[in-house]
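Let me begin by presenting the structure, written as structure tokens, before commenting on it.
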Amino acid sequence: MRSRRRAFSAVMRLCVKCLRVGRRRRVRLAWRAQQLWRYGHLCLRSLLYNSFTNSDVVLDSLFEPIYWLVDHVTRWFGVVFVALVIVLTSSIVAIVYICLLPIILQSYPPGWICWHLVYGHWNLLMILFHYYMAITTPPGHPPQAKSNTVAVSICRKCISPKPARTHHCSICNRCVLKMDHHCPWLNNCVGHYNHRYFFSFCLFMTMGCIYCGISSWDMFREAYAAIERMKLLEKERLQVAANQTYYQTPPPTFSFRQRAFHKSIVYLWVLCSSVALALGALTLWHAALISRGETSIERHINKKERQRLQKKGRVFRNPYSYGAWDNWKVFLGVDTRRHWLTRVLLPSTHLPHGTGLSWDRPPCVTEPRAPLLAI
């Protein structure tokens, strides 16, 4: 009996020892795994450590492939967009000369004929001139060589000094002076030297589309009604052809020239109306920015700065704004009254005020500025 108890006690002690050893091994393995995890995490953080790293930097890094794809697609599709603008504009001009102008010359009084000929060709000339200049004129870039230009920051992409109002274009992969945005319809950046050409093109293109839409409104209604009659006659012709006997004849049909004429008028009015609405809204938006002395990028910067100073009880004023009237004079390069004709209403290749590297007060600004808070 005692031998059985001793044997049972020995077995139980052995089991307890095994459990203790297994528990110690599990604790030791867990401790080693935890140490390896901490060591790996420390190594990773030491390799990627940056005192400026935050959630915004991490998100930018994650979305960098998407930005790269969008930039390259926009860069290559810029040529397609320019070709599309040329083709659409050429088609509208061809329809005006082939369809509208003969009717104007035959049915309008001499005064209205002179008005249409003068205004139409002037508007067309302004559109072609400003679009060509907006495409071919470089927006302006800061000098790559060492210079005495005052810089407000360093570009993270170019690793070079960045003057005031200069921003980096990821599509052109260069810094642009007074950058507004990269326009795919121009396949070019809108900056210091071609901003006026871009806005003038938008303005005169909107005016031209409104002019074509108003001039062709009556013809559009007649052409639309004629197209509806074409559809009805086509249905009747098919029905008669299906049930035709020796004494029945199909109803008359429109000729190819008539069909092309009516469809061209409808195409012209729909396209011009759509472009007038879309481009007109964009033109008004840029006109408001010009009145405030801002670009599209500076609007967001100034908005954040205005909110930041408002929390401190201070008022933000744009250091590059001279008032709405003077802002327009600076933007258009108007120094005298004669310039409103020679530089605004007629094609002009005059350069904007300043070099885009420094922003001194232009000579056309008469009223001195009050002390401002710089952005």
Side-chain angles (χ1 to χ4, degrees), residues 44-72 74-75 78 137-184 186-195 198 289 292-312 314 316-321 330-331 351-362 369 371-375:
L44 184 63
R45 291 192 62 182
S46 64
L47 292 174
L48 303 178
Y49 176 75
N50 190 335
S51 58
F52 298 99
T53 302
N54 52 26
S55 58
D56 294 335
V57 175
V58 174
L59 288 176
D60 289 341
S61 301
L62 293 176
F63 280 94
E64 191 66 28
I66 300 177
Y67 296 151
W68 181 88
L69 180 62
V70 172
D71 293 343
H72 281 71
T74 305
R75 184 182 307 170
T137 303
H141 307 283
Q144 298 295 326
K146 293 183 179 180
S147 62
N148 296 326
T149 304
V150 178
V152 296
S153 63
I154 300 296
C155 179
R156 294 184 301 174
K157 301 294 182 64
C158 299
I159 316 298
S160 60
K162 190 164 64 172
R165 310 186 80 177
T166 300
H167 301 279
H168 186 87
C169 177
S170 57
I171 299 175
C172 299
N173 199 24
R174 294 187 67 181
C175 283
V176 178
L177 300 176
K178 192 191 170 186
M179 179 180 176
D180 188 90
H181 68 288
H182 184 93
C183 182
L186 302 179
N187 195 27
N188 195 7
C189 266
V190 177
H192 179 63
Y193 289 104
N194 63 350
H195 194 181
F198 164 76
L289 293 177
R292 296 197 295 263
E294 297 177 331
T295 61
S296 300
I297 298 177
E298 290 174 351
R299 177 186 175 275
H300 300 286
I301 298 175
N302 294 347
K303 183 179 179 181
K304 292 181 179 179
E305 188 68 12
R306 189 177 293 109
Q307 293 174 353
R308 186 183 70 84
L309 293 177
Q310 187 176 5
K311 294 178 181 179
K312 297 181 179 181
R314 303 171 67 181
F316 170 80
R317 294 181 182 179
N318 184 7
Y320 309 114
S321 177
V330 172
F331 177 78
L351 297 176
H353 289 292
T355 60
L357 301 175
S358 60
W359 299 97
D360 300 328
R361 190 177 70 176
R369 293 181 295 175
L372 302 177
L373 297 174
I375 59 174

Gap separating the [atom1] atom of [X] from the [atom2] atom of [Y], nearest 0.5 angstrom:
X: Thr295; Y: Ile301; atom1: OG1; atom2: CD1; result: 7.0 Å
X: His167; Y: Lys162; atom1: NE2; atom2: NZ; result: 6.5 Å
X: Cys158; Y: His141; atom1: SG; atom2: NE2; result: 10.0 Å
X: Arg174; Y: Thr166; atom1: CZ; atom2: OG1; result: 12.0 Å
X: Asn302; Y: Glu294; atom1: CG; atom2: CD; result: 4.5 Å
X: Cys172; Y: Asn187; atom1: SG; atom2: CG; result: 8.0 Å

List the steps, then state whether side-chain contact (heavy atoms from CB on, under 4.5 Å) holds for Trp359 with Lys178.
CA-CA 10 Å; Trp359 299 97; Lys178 192 191 170 186; 3.7 Å; yes
Looking at Ser296, is its backbone amide N or carbonyl O close enough to the side chain of Asp180 to form a donor-acceptor pair, meaning the two atoms are under 3.5 Å apart?
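Flag set: sc Asp180 to bb Ser296 pair under 3.5 Å.
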Using a 3.5 Å distance criterion without hydrogens, assess whether the side chain of Asn188 forms a donor-acceptor pair with backbone atoms of Pro139.
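Flag not set: sc Asn188 to bb Pro139 has no pair under 3.5 Å.
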Evaluate the side-chain contact (heavy atoms from CB on, under 4.5 Å) criterion for residues Arg165 and His192: first the C-alpha distance (whole Å), next the side-chain angles of each, then the deciding distance (0.1 Å), finally the verdict.
CA-CA 9 Å; Arg165 310 186 80 177; His192 179 63; over 6 Å; no
Check against side-chain contact (heavy atoms from CB on, under 4.5 Å), Asn173 and His168:
CA-CA 7 Å; Asn173 199 24; His168 186 87; 3.7 Å; yes
Minimal non-hydrogen separation, [X] against [Y], with atom names:
X: Leu177; Y: Pro163; result: CD2-CG, 4.5 Å
X: Tyr193; Y: Thr355; result: OH-O, 3.3 Å
X: Leu357; Y: Pro143; result: CD2-CD, 3.9 Å

Within the structure provided, determine whether Cys169 and Met179 are in side-chain contact (heavy-atom separation under 4.5 Å).
yes
Heavy atoms, side chains only, cut-off 4.5 Å: are Asn318 and Arg292 in contact?
no
